[in-house]
Amino acid sequence: MRFSKTLIPTLREAPAEAEAISHILMLRAGYVRQLASGLYIYLPLGWRVLNRINKIIKEEMDSIGDQEISMPVLHPAEIWQQTGRWSEIGEEMFRLRDRTNRDMCLGMTHEEIITWLASKEIRSYRDLPQSWYQIQTKLRDEARPKSGILRTREFLMKDCYSFDKDEAGLEENYKKHEEAYHRIYKRCGLNFYQVESDPGMMGGSTAHEFMAPSLAGEDEIVLCDKCGYSANREVEKGDKCPKCNEPLKAEKAIEIGNIFKLGTKYTIALKAVYLDEQGKEKPIVMGCYGIGPARIAASAVEQSHDRDGIIWPESIAPFDVEIITLNMNKTEVLNASESLYGVLKSRGVDALIDDRDVSPGVKFKDADLIGIPWQIVVGEKNIKDGFVELKYRKTKEVEKVRPEEAVKRLTERH
RNA sequence: CGGGGCGUAGCGCAGCCUGGCUAGCGCACCUGCCUUGGGAGCAGGGGGUCGGAGGUUCGAAUCCUCUCGCCCCGACCA
């Protein structure tokens, strides 16, 4: 992609309303813009990051046999009334009426809808297990949206729901998803912990949260260095580890995912049942598994940046490499840059070429701010001797190499 | 929802307390020249009516009332 033709509105100074580091950097580097409190527009770079995260999520979900579907954002009230949540949930649910005056709401989660689907389509134990997921918009009228894209009123969520005939099946599904989540966060380049959590209003017995340590986090987790015990501060009130009695240490963290054993709370309410081997009717046993892609992105920025800007993990960066054409008025420089750009593209390496007619300083500053992991600097002096510079954003380490060598190295990584 | 803070040009800010010239600065933007390895320089130029409404006053960005919006802390977080 060409910088000169792409909407990448970088800011020299941070807007006053931003406080969290990820918020400041994503605003300054031109990834997002705020429409209103808790509502964000993803610009080209931001949307690319989100899509790369979603791709990783899909690959891992598909790998354990989950099936992608898509459910509506607009829901009829009746289904929510059947589970009781229409009245249990307060102002956090956006409610509205359609033209026939029918009560509707905007989906803040999809247990009701997916269970409705299961109730219609699953008849027999032979139909189980099933596991369906979507990456869909959720709407919650948050009391206090905050920290940029960390806590918004409209956000993307990967939500997955498993259906089993019994607890043993649920246990197996739960385990599979737990493991897939570990792979997802690892692939996204995050530091994270899995902690025990309170199922709360979701109902059910067991729940775990996935937490990315960061000062911008709203949650506090407690950890035991000795035995590895970890929990959300909300459930663990003491200072000593309940497993080995060692002192616990506390850390701020961002919740980047959660998994719940829901049991039969929703399936009983919505009559999602099946016939077992004996022809006996039983409620389906459910689990649900959520991930917030935007929170993964924000956590990555919180965990990986320096004074100059973002340092993206290679797996979720908006591009693999940025070509910095230093002297737009020198044909050798221009030709070498363009040829590199063409070759990289043809080899499947995602490249952004900074072809703007601005001073070198601006390009260096913007490149560091945007945080693409690799930079190829094409300058007048080096190109005369047939060299370009391959620069690693994270360490700022620079290597003088032949263009072919730069291509080779990036192709290998890719 | 309780507490606090802030709304002046695209961004960052000054001016407000102690009302008074055509509302100012830096960056960004436009034109020209020049320049090209870490947010270059010179010259010229465009853009705001001070979040909104009402009030006080000869006169309001500035004082008063109401209102809208945004941020932070807390509560909440399915």
Side-chain angles (χ1 to χ4, degrees), chain A residues 9-20 23-24 27-30 33-40 75 80 83-94 105-113 138-148 150-153 155 157 159 161 197-204 207 209 216-219 232 234 254-255 258 260 262 265-266 288 290 292 295 307-309 324-330 333-334 354 356-370 375-384 387-389 391 396 398 400:
Chain A
T10 57
L11 263 21
R12 190 186 288 238
E13 286 173 289
E17 71 261 16
E19 189 143 308
H23 191 195
I24 290 173
L27 242 23
R28 281 195 57 208
R33 285 295 182 261
Q34 185 180 39
L35 173 66
S37 181
L39 298 174
Y40 282 83
H75 303 175
W80 285 83
T83 62
R85 289 163 117 192
W86 178 263
S87 50
E88 279 168 33
I89 295 170
E91 289 177 306
E92 223 165 289
M93 180 185 268
F94 283 106
C105 67
L106 301 181
M108 46 196 306
T109 182
H110 283 76
E111 282 81 17
E112 274 76 1
I113 308 307
K138 301 282 188 266
L139 289 125
R140 296 179 187 176
D141 198 356
E142 288 283 351
R144 181 149 98 88
K146 58 179 289 197
S147 307
L150 272 181
R151 188 179 181 75
T152 55
R153 295 192 291 174
F155 58 98
M157 183 189 270
D159 48 327
Y161 307 85
S197 75
D198 185 347
M201 291 279 290
M202 288 292 285
E209 288 170 335
E218 303 180 78
D219 291 274
N232 193 314
E234 279 177 31
I254 298 166
E255 183 186 347
N258 49 41
F260 297 87
L262 295 178
K265 170 175 172 162
Y266 299 95
C288 80
R295 285 189 170 184
R307 56 187 304 185
D308 294 313
I324 301 176
T325 310
L326 282 189
N327 324 88
M328 292 299 289
N329 56 348
K330 297 282 187 273
V333 175
L334 212 54
D354 193 343
R356 294 175 299 168
D357 191 15
V358 295
S359 68
V362 172
K363 295 190 178 187
F364 285 129
K365 289 288 184 190
D366 276 348
D368 287 349
L369 181 61
I370 288 166
Q375 299 172 9
I376 300 179
V377 182
V378 186
E380 191 182 356
K381 285 155 202 154
N382 280 322
I383 207 66
K384 273 184 183 146
F387 289 103
V388 296
E389 286 166 26
K391 185 166 147 193
K396 301 264 177 86
V398 176
K400 217 162 119 174

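By convention in this document, chain letters (A, B, ...) are assigned in the order of the sequence lines, proteins followed by strands, and residues within each chain are numbered from 1. Note: hydrogens, waters and symmetry copies are ignored here, and every other heavy atom, side chains too, is used.
- Side-chain atoms of A:Asp219 do not come within 3.5 Å of backbone N or O of A:Ile254 as any donor-acceptor pair.
- In this entry B:G26 has B:C11 as its Watson-Crick or G-U wobble partner, both defining distances falling under 3.5 Å.
- Nucleotides B:C21 and B:U62 are separated by 16 Å at their C1' atoms, to the nearest Å.
- For the pair A:Asp219 CG and B:C77 C1', the computed distance is 9 Å after rounding to whole Å.
- Distance A:Leu139 CG to B:C77 C1': 15 Å, rounded to the nearest Å.
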### Summary
5' to 3', nucleotides 28-40 of chain B under a 4.0 Å protein heavy-atom cut-off (B base, S sugar-phosphate only, - none) gives S-------BBBBS

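- For the P atom pair drawn from B:G20 and B:G10, the interatomic distance equals 25 Å after rounding to whole Å.
- Under the Watson-Crick or G-U wobble criterion, with both distances below 3.5 Å, B:C16 is left unpaired in every strand shown.
- A salt bridge is absent between A:Arg151 and A:Glu255: the closest approach of a Lys/Arg side-chain nitrogen to an acidic carboxylate oxygen does not fall below 4.0 angstrom.
- A donor-acceptor contact shorter than 3.5 Å is absent between the side chain of A:Lys363 and the backbone of A:Val377.
- Remark: the A:Tyr266 side chain and the A:Arg85 side chain contain an N/O donor-acceptor pair separated by less than 3.5 Å.
- Distance noted for atom C1' between B:C71 and B:C30: 34 Å (whole Å).
- Contact detail for A:Leu326 and A:Pro360: the closest heavy-atom pair is CD2-CB, 3.7 Å.
- With a cut-off of 3.5 Å on both Watson-Crick or G-U wobble distances, the partner of B:G48 is given as none.
- Taking atom C1' in both B:U35 and B:A40, the straight-line distance is 7 Å, to the nearest Å.
- For the P atoms, the distance linking B:G5 with B:C42 amounts to 42 Å, nearest Å.
- Looking at A:Arg151, its side chain comes within 3.5 Å of the base of B:C77 through a donor and an acceptor atom.
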Please list each protein N or O that sits under 3.5 Å from an N or O in nucleotides 67-72 of chain B, with the distance.
from, atom 1, to, atom 2, distance (Å)
B:C70, OP1, A:Ser37, N, 2.8
B:C71, OP1, A:Gln34, NE2, 2.9
B:C71, OP2, A:Ser37, OG, 2.9
B:C72, OP1, A:Ser147, N, 3.4

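- Looking only at distances, no side-chain donor or acceptor of A:Arg153 sits under 3.5 Å from a matching main-chain atom of A:Pro145.
- Atom-to-atom, CD of A:Glu91 to P of B:A75 comes out at 18 Å; the value is rounded to the nearest Å.
- Between A:Arg28 and A:Leu369 the shortest heavy-atom distance is O-CD2, 3.5 Å.
- Side-chain contact check for A:Asn232 and A:Ser197: no donor-acceptor pair (N or O, by modelled atom type) lies under 3.5 Å.
- Rounded to a whole Å, the CZ atom of A:Arg85 is 13 Å from the C1' atom of B:C77.
- For the P atom pair drawn from B:G51 and B:U8, the interatomic distance equals 6 Å after rounding to whole Å.
- Look at A:Glu19 and A:Lys146 and you find no salt bridge, because none of the NZ, NE, NH1 or NH2 atoms lies under 4.0 Å from a carboxylate O.
- For the pair A:Arg33 (side chain) and A:Leu27 (backbone), a donor-acceptor distance under 3.5 Å is present.
- The main-chain N or O of A:Arg356 is found under 3.5 Å from a side-chain atom of A:Asp354 such that the two form a donor-acceptor pair.
- The stretch residues 105-113 of chain A touches RNA chain B through A:Thr109, each having a heavy atom within less than 4.0 Å of the strand.
- Across every strand in view, B:G2 sits in a pair with B:C73 that passes the Watson-Crick or G-U test at under 3.5 angstrom.
- Side-chain atoms of A:Tyr40 do not come within 3.5 Å of backbone N or O of A:Phe155 as any donor-acceptor pair.
- Both cation-pi conditions hold for A:Lys400 and A:Phe387: the charged atom is under 6.0 angstrom from the six-membered ring centre and inside a 45 degree cone around its axis.
- Using P as the reference atom, B:G4 and B:C77 are 24 Å apart when rounded to the nearest Å.
- Here, B:A61 and B:A23 have their P atoms 9 Å apart, quoted to the whole Å.
- Between A:Glu255 atom CD and B:C76 atom P there is a gap of 15 Å when expressed in whole angstrom units.
- Distance CD (A:Glu13) to P (B:G26): 13 Å, rounded to an integer number of Å.
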